[in-house]
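Just below is one structure, and these are the notes that go with it.
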Amino acid sequence: MLRIHRALHPFLVAGPPCRRHLTTTVPKKLYYITTPIFYPNAAPHIGHLYSLVAADVFARYQRLRGRDVRFLAGTDEHGMKIQKAALKHFGEPGREREFCDVLSERFLDLGRKANISNTCFVRTSTETHHRAVKDVWRRLYEKGFIYKGNYAGWYSVTDECFYTDAQVGPSPHDPHQTVALETGAAVEWSSEENYMFRLSAFRGALLTHVQASPTSVYPEQYREQVLGWLGAALEDISISRPSARLSWGVPVPADPGQTVYVWFDALLIYISGAGYPWTTLDGALDVQEMRARGWPADLQVVGKDILRFHAVYLPAILLALNGAPYTPDSGGAAPADGARIPIPLPRTLLAHAHWTAAQKKMSKSVGNVVDPMAAMEEWGVDAIRFYLMRIGGRWRGDVDWSAEQLAKHKHEIAAQLGNYFLRIASPRIAARAVPCAPDAQSGLPAPLQRLFGSDSSAQGLEGGEDPNYAQLAMARALPGKVARLMDTYEAGLALAEVMEVLKHANKSISEIEPWARTTPPELVHSTRLVGLETLRVVGACLAPFMPDTAARLLAALDGGDGGEQEMEAFWQRWNGREVKGVKLF
Ligand code: MSP
């Protein structure tokens, strides 16, 4: 009997087993997932919500697989951009913290409203983070990976990024203004004393790492982009700015005249947010502690615009932390295997393209930025989450936000899932279905036993005469398909599989017409049970995407959390009982 119920567990069908089976085989490491930390210089927009939802569907999915998840989000509060925005807002310098306190709260609110299940929300302005940044700085300085130099180049405050001559040009709108070619953001010339990081020493090691790990960057097009960058020489990068220009940030240890460059500081949030420096009492690296807190990160969601920082700069900093001290001959002696070093490199970067509005980049000056709070208010949280992942879940190309498309997709899920639920839950159908005794061997109600055939394990489906066969087969195959796709970060395709099952279910029930007087009661019964099974499986598969809708659906089905014990009772419960009515949409 247990064999049947395990086979019916939505996420036990394929992939790793649930937690109780994991304890002996997999070392105890939190599954660690991160979003970029957002600049709190203005109100959140839909791109921020997209990053949060993308990470959230994987966090929720991993929990369904029985893993404990650390899920980090937060705000990136230092740098020129914030310093300027605060100055503009208050009309006087030095009030950055106050400014960030207010705006950081809005990002927190966004996460709460969107039902994002992050386990921490970290701000770079905290003391713990400052300590971690200073610790990394000191270690790299002592090893010779940081040195003082003179930097002359272009800087964009909007992008918080240094650019070389080759990366800038005149603005198409104003020939007197120089802009970054890639982003179009205004740049200013700066020539100043800075601390530099020996990025150039790590090109070979980074290249080996990305080549050796096909899933280090996903989708492949972005991995190729990274391989392209690493195929050419890497220049050392500036990692500080004079405090006279930038005072809002982490002061460089032992040199108050310099402030740490905002990206160097921000990227370290992923380790500071997971308990870096993980030291034992005698100061050695405590690997058990590091793993228990989640490091290395399993999945990092980032937009394509910040891929270089995550795929090149952060791994280089980590390699430097791990490596032997720099000598001009060794070129840094960087370890070649990023997965096996004491503080390993993150496992997978999931890069995504952008949302546009009317095919144009969203920007405050154009006034086409979509407000995520207003959108959730108007359309509902789950409808927005569904839309973001249904359209944006392939990650690869830019996607356009449109109210018509959103309406269409909201209608799609309401019609497919809502209507099917109403039909299956209808008391009229329950009244027409003939309750029957369970099969003595399998415990399944007889109409289902006929459908499953004599072998009640996952492979045992038989067609027979029952027109519900195809639907049951699809429903039973769904969790495995969804699991395989989610394991390879294809959230959009996973959602498409769920929609296919629902479409087929609606078509099938329309053909069978269990509400018609002429339909034999046994067929009504099997249609109803297959429908309930479809809804149970769909509910579990949709839970990462539409947590609230799925929870209401599963509660109405009384399917509990889908665990084995629950399943033992599931089938018998629906043998002649009515389903609770519930409003799904
Ligand atoms: N603070 C940096 C990240 C530091 S991570 C150590 C940053 N912040 S941001 O607020 O500008 O952007 C945060 C995320 O939102 C990025 O992943 C970015 O790609 C994403 N988006 C910003 N605009 C977007 C769209 N229009 N569409 C989709 N995502 C976009 O960068």
Side-chain angles (χ1 to χ4, degrees), residues 33-55 72-82 85 100 103-104 106-107 110-111 114 116 121-125 129 132-133 136 156-161 182-185 222 249-250 260-274 297 299-315 317-318 346 349-364 366 368-372 375 384 387-389 391-401:
I33 182 161
T34 68
T35 65
I37 47 169
F38 307 114
Y39 289 127
N41 65 320
H45 63 71
I46 207 72
H48 300 134
L49 180 59
Y50 177 51
S51 297
L52 286 167
V53 171
L72 175 142
T75 40
D76 183 358
E77 307 194 352
H78 298 135
M80 296 291 263
K81 200 201 240 328
I82 302 293
C100 290
L103 277 151
S104 182
R106 295 190 63 175
F107 284 89
L110 176 70
I116 305 298
F121 185 90
V122 283
R123 300 176 55 182
T124 53
S125 56
H129 178 68
V133 173
V136 172
S156 157
V157 174
T158 310
D159 300 342
E160 292 284 20
C161 187
E182 196 182 319
T183 62
Y222 295 115
V250 182
V260 176
Y261 169 43
V262 62
W263 268 103
F264 185 91
D265 148 8
L267 288 165
L268 296 176
I269 200 76
Y270 302 124
I271 58 174
S272 75
L299 187 63
Q300 299 198 278
V301 173
V302 296
K304 62 180 181 180
D305 53 322
I306 57 172
L307 180 58
R308 175 187 275 269
F309 298 96
H310 288 80
V312 180
Y313 297 1
L314 178 61
I317 294 170
L318 294 171
L349 267 176
L350 175 62
H352 61 72
H354 283 173
W355 282 85
T356 54
Q359 320 293 338
K360 284 208 195 75
K361 193 176 167 191
M362 284 187 202
S363 104
K364 262 177 289 170
V366 180
N368 61 350
V369 175
V370 176
D371 173 355
I384 295 291
Y387 175 60
L388 288 174
M389 288 299 105
I391 300 296
R394 298 296 324 277
W395 322 122
R396 289 153 174 84
D398 285 355
V399 276
D400 203 48
W401 178 276

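Note that ligands are numbered from 1 as they come in the structure, with each ligand's atoms numbered from 1 the same way. Note that this is a predicted model, so its numbers are computed, not measured.
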Verify whether the ring centers belonging to Trp355 and Tyr50 lie closer than 6.0 Å. yes
Is it true that Glu77 and Arg123 make a salt bridge, defined as a side-chain N closer than 4.0 Å to a carboxylate O? yes
As a test of reading the model: which N/O atoms of the protein lie under 3.5 Å from N/O atoms of ligand 1, and at what distance?
| unit_1 | atom_1 | unit_2 | atom_2 | d |
| --- | --- | --- | --- | --- |
| ligand 1 | 1 (N) | Ile37 | O | 2.8 |
| ligand 1 | 1 (N) | Asp76 | OD2 | 2.7 |
| ligand 1 | 10 (O) | Tyr39 | N | 3.2 |
| ligand 1 | 10 (O) | His48 | NE2 | 3.0 |
| ligand 1 | 17 (O) | Gly303 | N | 2.9 |
| ligand 1 | 19 (O) | Asp305 | OD1 | 2.6 |
| ligand 1 | 19 (O) | His354 | NE2 | 3.3 |
| ligand 1 | 26 (N) | Trp355 | O | 3.1 |
| ligand 1 | 27 (N) | Trp355 | N | 2.9 |

Angle class for the His310/Tyr270 ring planes (parallel below 30°, perpendicular above 60°, tilted otherwise)? tilted
For residues Trp395 and Tyr222, establish whether the separation of their ring centroids is below 6.0 Å. no
With a cut-off of 6.0 Å (strictly less than), are more than 12 heavy atoms of other residues, nucleotides or ligands near CZ of Arg106? no
Rounded to the nearest 0.5 Å, the CG atom of Asp159 sits from the NZ atom of Lys81 at a distance of 7.0 Å
